[in-house]
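Report on the structure given below.
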There are 2 protein chains.
Amino acid sequence: MRTRVFLVDDHELIRAGIRAALADAVEIVGEADEVDAAIAMILERRPDVVLLDVHLPGGGGRAVLAGVHAVDPAIPFLALSVSDAPEDVIALVRAGARGYVTKTIGAADLADAVRTVAGGDVVFSPRLAGFVLDAFRNLPPGTSEDPELESLTPRERQVLRLIARGYSYRDVGTELSVSVKTVESHVSAVLRKLQLSSRHELTHWAHERRLL
Amino acid sequence: MRTRVFLVDDHELIRAGIRAALADAVEIVGEADEVDAAIAMILERRPDVVLLDVHLPGGGGRAVLAGVHAVDPAIPFLALSVSDAPEDVIALVRAGARGYVTKTIGAADLADAVRTVAGGDVVFSPRLAGFVLDAFRNLPPGTSEDPELESLTPRERQVLRLIARGYSYRDVGTELSVSVKTVESHVSAVLRKLQLSSRHELTHWAHERRLL
DNA sequence: GGATCCCTCGGGGATGCCCCCGAGGACGCC
DNA sequence: GGCGTCCTCGGGGGCATCCCCGAGGGATCC
């Protein structure tokens with residue numbers, strides 16, 4: 001019996017490419033181009049594997065994964081992305097994806113990856129495999145989030161976001177209804193904990209981690 | 001006679017999707033996944049249209065366009081991108097592209113767009129058409145560059161780039177071998193001409209226009 | 001020789017950023 | 001009750017940023 005695959009990607013051209021690549025190897029049981037429809041159809045059709053684009057509008061691929069797994073965590077997801085940024089990989093795997101491949105993959109390799117995930121195994125592109133192993137080795141289960149971001153208090157993260165967006169200390173104070181001195185305290189703590197030395201580096205740091 | 005199309009995209013899956021979408025409508029005379037090979041093959045095979053991904057590694061789609069047009073400016077390019085950011089559109093059109101569509105386009109529309117460009121016309125996605133017209137209306141032919149950037153002197157642009165990269169006034173002064181006061185003068189002039197009020201906004205402005 | 005830019009600098013000042021110091025109140029944990 | 005963490009806020013100081021003012025030298029154009 002052929003592997004039953006569901007496709008989620010907002011680009012018709014890419015879905016067509018995947019269909020063409022997998023047509024001989026698996027059975028495509030459905031497609032969706034946005035979050036809500038994807039969740040509903042996946043739960044209805046129960047595919048063996050969901051092939052999921054990471055960068056969906058309306059919440060991203062993670063929203064689809066979370067929505068489906070809230071009802072049935074047994075349906076395996078294979079994430080497909082143009083990005084191989086570590087943040088994206090980590091986020092998807094922590095959300096429950098059983099694999100992550102980039103769109104540079106060839107048709108034959110993609111078919112193999114789909115069958116592997118359907119069989120219960122885990123798949124990563126060679127360039128990502130080493131990174132993923134590093135990231136999860138020595139981490140107690142249940143640990144999530146970036147360890148540096150983890151060290152910040154809730155208030156500090158709130159201030160961090162506003163500062164990274166270009167707010168002045170005074171603006172942040174007004175926005176959060178506290179004094180400028182309090183904002184200074186939080187920024188100071190953030191800079192110390194992240195080992196940075198100016199709000200400019202902070203902005204750069206936040207952008208790198210997509211915290212906006 | 002069928003339109004002869006050349007494909008440039010670093011993602012095998014996307015090329016496969018485009019092949020599948022266009023197979024009945026045009027003839028694919030070649031493909032490439034990186035800049036140098038693309039230039040060489042396009043100049044050799046002289047397609048009626050080159051379908052070009054904007055975001056190529058190794059210089060981007062603009063490098064391919066520039067390389068080909070340096071030898072033969074008559075070969076028309078249709079840019080294909082996941083982005084519909086104004087900066088990307090402007091850059092590609094100024095570089096010489098005869099059209100710009102996003103990957104959300106369907107197969108039939110893409111085939112139409114390819115034939116239109118091959119026929120000498122210009123094609124833009126509906127969401128971009130209005131923007132492009134606005135950008136080029138009232139511009140004397142031969143004018144290039146952003147009018148706001150245009151108003152800056154060479155020295156001011158140099159300072160702008162360094163400031164946007166996070167340099168302090170003192171660092172910029174050291175880098176350019178002038179005093180801090182001179183840097184202040186230039187920054188002041190830049191902020192006034194661009195109608196901005198802080199170096200943070202300046203950084204944001206520069207990033208939006210990909211001036212780094 | 002003027003007129004006009006551009007680049008170069010200075011003084012002085014208002015404000016923002018970042019740090020040091022200390023401190024009080026709220027909350028949860030043992 | 002004590003202990004720790006978090007959030008709040010102040011004084012004070014050093015440096016950065018951004019503005020005002022003026023000014024000299026060099027290049028270009030008429």
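For the numbers below, each heavy atom of this structure counts, side chains included, while hydrogens, waters and symmetry mates do not. So that the names make sense, note that chain A is the first sequence line, chain B the second, and so on, each numbered from 1.
- Taking a 4.0 Å limit (strictly below) on heavy-atom distances, residues 172-185 of chain A reaches DNA chain D at A/Val178, A/Ser179, A/Lys181, A/Thr182, A/Ser185.
- Between A/His69 and A/Phe77, the ring-plane angle classifies as perpendicular under the 30° and 60° cut-offs.
- Taking 4.5 Å as the limit, every side-chain heavy atom of A/Val68 sits out of range of all side-chain heavy atoms of A/Val50.
- Checked against A/Val8 for a side chain to side chain contact (heavy atoms under 4.5 Å, CB included), the options A/Ile39, A/Val35, A/Ile42, A/Leu80 give a single hit: A/Ile42.
- Here B/Ser197 pairs with B/Glu201 under the side-chain hydrogen bond (donor to acceptor under 3.5 Å, both in side chains) rule; sequence neighbours left out.
- Of the side-chain N and O atoms in B/His186, one or more sit less than 4.0 angstrom from OP1 or OP2 of C/dT8.
- Among residues at least two apart or in separate chains, there is no side chain to side chain donor-acceptor pair (under 3.5 Å) pair with a member in residues 36-45 of chain B.
- In this view, B/Ser168 and B/Asp171 satisfy the side-chain hydrogen bond (donor to acceptor under 3.5 Å, both in side chains) rule, not counting sequence neighbours.
- The distance from atom CG of A/Leu202 to atom P of C/dC19 is 11 Å, rounded to the nearest whole Å.
- The separation between A/Gln195 atom CD and C/dC19 atom P is 13 Å, rounded to whole Å.
- Contacts between chain B and DNA chain D, taken as any atom within less than 4.0 angstrom of a protein heavy atom, begin and end at D/dA16 to D/dC19.
- For B/Thr153, no side-chain nitrogen or oxygen approaches OP1 or OP2 of C/dC6 to under 4.0 Å.
- With rounding to whole Å, B/Tyr169 atom OH is found 13 Å from C/dC17 atom C1'.
- Taking 4.0 angstrom as the limit, B/Arg155 places none of its side-chain polar atoms (N or O) nearer than this to OP1 or OP2 of C/dC7.
- For the pair B/Arg15 (side chain) and B/Leu7 (backbone), a donor-acceptor distance under 3.5 Å is absent.
- For A/Glu156, the salt bridge (charged side-chain N to carboxylate O under 4.0 Å, His left out) partners two or more places apart in sequence, or in a different chain, are A/Lys193.
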